[in-house]
There are 2 protein chains.
Amino acid sequence: MTDTLMTIREMCDAYDVTPRTLRFYESKELLSPIRQGQKRLFTHRDRARLTLILRGKRFGFSLEQIRQLLDMWDGGRGQVAQLDRTIEVGRERLDELRRQRDELDNAIEDLQGQLSGAERMLDAMRTPHAAE
Amino acid sequence: MTDTLMTIREMCDAYDVTPRTLRFYESKELLSPIRQGQKRLFTHRDRARLTLILRGKRFGFSLEQIRQLLDMWDGGRGQVAQLDRTIEVGRERLDELRRQRDELDNAIEDLQGQLSGAERMLDAMRTPHAAE
DNA sequence: AATACCGTTGACGCTTACGTCATGAGAACG
DNA sequence: CGTTCTCATGACGTAAGCGTCAACGGTATT
């Protein structure tokens with residue numbers, strides 16, 4: 001059943017990633033598909049993790065950070081403490097994202113300013129100069 | 001006069017960069033200090049260019065892009081056409097920055113949502129459960 | 001002269017997240 | 001049986017931007 005076990009290609013199609021990516025994630029211990037002979041078969045658990053991995057990437061977590069978060073979940077007893085920590089890490093990331101956005105806002109404003117300055121200069125250069 | 005010619009160290013102090021960085025930029029033909037024997041001496045032109053380099057980096061231009069823009073300026077006759085092109089490149093960068101900011105905004109909102117969801121879960125886990 | 005600096009040129013290292021080969025095994029098709 | 005697919009492993013390549021040696025030269029001070 002494709003629903004419980006998926007080949008690498010099915011995974012690629014479903015999540016829009018390359019085989020290389022999945023093998024890479026496995027090598028980083030983010031995924032741990034079972035083997036049928038040599039071939040990888042991805043379980044439900046792998047899919048859940050991959051979903052979280054891709055989500056984490058959107059948030060700008062590094063793969064290493066994601067691995068740690070993931071490992072906390074199925075490694076850790078004491079769910080409450082784990083969740084606490086997860087939230088903390090998430091908050092830090094959120095702050096960082098906000099800082100990034102602020103910097104980006106500044107850069108955007110500055111660049112806008114530069115551009116309108118340059119445009120004025122361009123207009124001046126194009127405008128026929130009156131003889132004195 | 002330090003005002004017209006600066007040593008590598010003076011440059012580093014003035015612009016808060018390392019010697020390695022300045023040599024790296026020279027190797028990439030972004031700067032072209034003159035030599036006094038072996039030593040580099042940075043001219044007014046180098047400083048003007050470095051200012052633009054650092055500004056460009058803030059805007060997310062790659063060093064290669066910056067080099068091209070810089071070279072357009074002192075390479076090109078036909079200033080008007082050059083400026084035109086510069087503005088075009090700048091506009092593209094501005095659009096890209098805005099796209100990035102929008103993505104960042106989305107990620108921030110999503111992460112906020114995830115966090116508040118997780119916090120509610122945490123509260124539920126902490127709240128003593130009433131016996132039925 | 002010896003020490004302490006400042007400067008120089010290589011050249012390799014590092015990070016992240018994969019892309020791209022080269023090579024080979026195993027299965028399906030005609 | 002030969003070709004073609006899909007998959008596997010392993011290793012090197014890439015992008016950007018420097019950091020960090022190593023080994024050496026000239027200058028200034030003590």
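The chains referred to below are lettered A, B, ... by the order of the sequence lines, with proteins before strands, and numbering in each begins at 1.
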Atom pairs and distances, donor-acceptor, side-chain atoms in residues 24-34 of chain B, under 3.5 Å, two or more places apart:
{"from": "Glu26(B)", "atom 1": "OE1", "to": "Arg40(B)", "atom 2": "NE", "distance (Å)": "2.4"}
{"from": "Glu26(B)", "atom 1": "OE1", "to": "Arg40(B)", "atom 2": "NH2", "distance (Å)": "3.3"}
{"from": "Glu26(B)", "atom 1": "OE2", "to": "Arg35(B)", "atom 2": "NH2", "distance (Å)": "3.1"}
{"from": "Ser27(B)", "atom 1": "OG", "to": "Phe24(B)", "atom 2": "O", "distance (Å)": "2.6"}
{"from": "Ser32(B)", "atom 1": "OG", "to": "Arg45(B)", "atom 2": "NH1", "distance (Å)": "3.3"}

Just checking Gln36(B): does its CD atom have more than 12 heavy atoms from other residues, nucleotides or ligands closer to it than 6.0 angstrom? no
Check: residues 112-121 of chain B side-chain donor-acceptor pairs under 3.5 Å, at least two apart:
{"from": "Ser116(B)", "atom 1": "OG", "to": "Gln112(B)", "atom 2": "O", "distance (Å)": "3.3"}
{"from": "Ser116(B)", "atom 1": "OG", "to": "Gly113(B)", "atom 2": "O", "distance (Å)": "3.1"}
{"from": "Glu119(B)", "atom 1": "OE2", "to": "Arg91(A)", "atom 2": "NH2", "distance (Å)": "2.6"}

Got a sec: does the CG of Asp16(B) have more than 12 other heavy atoms crowding it under 6.0 Å? no
Below 3.5 Å is the cut-off: list the nitrogen or oxygen pairs between protein and nucleotides 6-9 of chain D, distance only.
{"from": "dC7(D)", "atom 1": "OP2", "to": "Arg9(A)", "atom 2": "NE", "distance (Å)": "3.0"}
{"from": "dA8(D)", "atom 1": "OP1", "to": "Arg40(A)", "atom 2": "N", "distance (Å)": "2.9"}
{"from": "dA8(D)", "atom 1": "OP1", "to": "Arg40(A)", "atom 2": "NH1", "distance (Å)": "3.0"}
{"from": "dA8(D)", "atom 1": "OP2", "to": "Arg23(A)", "atom 2": "NE", "distance (Å)": "3.3"}
{"from": "dA8(D)", "atom 1": "OP2", "to": "Arg23(A)", "atom 2": "NH2", "distance (Å)": "3.1"}
{"from": "dA8(D)", "atom 1": "O5'", "to": "Arg40(A)", "atom 2": "NH1", "distance (Å)": "3.2"}
{"from": "dT9(D)", "atom 1": "OP1", "to": "Arg35(A)", "atom 2": "NH1", "distance (Å)": "3.3"}
{"from": "dT9(D)", "atom 1": "OP1", "to": "Arg35(A)", "atom 2": "NH2", "distance (Å)": "3.3"}
{"from": "dT9(D)", "atom 1": "OP2", "to": "Arg40(A)", "atom 2": "NH1", "distance (Å)": "2.9"}
{"from": "dT9(D)", "atom 1": "OP2", "to": "Arg40(A)", "atom 2": "NH2", "distance (Å)": "2.5"}

Each nucleotide in nucleotides 16-22 of chain C should get exactly one letter: B, S or -. Can you fill that in based on protein heavy atoms under 4.0 Å? -BBBB--
Please name all residues satisfying side-chain contact (heavy atoms from CB on, under 4.5 Å) with Gln68(A), sequence neighbours left out, ordered by chain then number. Glu64(A)
Only counting residues at least two apart or in another chain, list the ones meeting side-chain contact (heavy atoms from CB on, under 4.5 Å) with Leu122(B). Val80(A), Leu83(A), Asp84(A), Ile87(A), Arg126(B)
Is Arg49(B) paired with Asp71(B) through a side-chain N to carboxylate O contact shorter than 4.0 Å? yes
Rounded off to whole Å, could you give me the CE-to-C1' distance for the Met6(B) and dC6(C) pair? 16 Å
Glu103(B) side chain vs Gln100(B) backbone, donor-acceptor pair below 3.5 Å: no
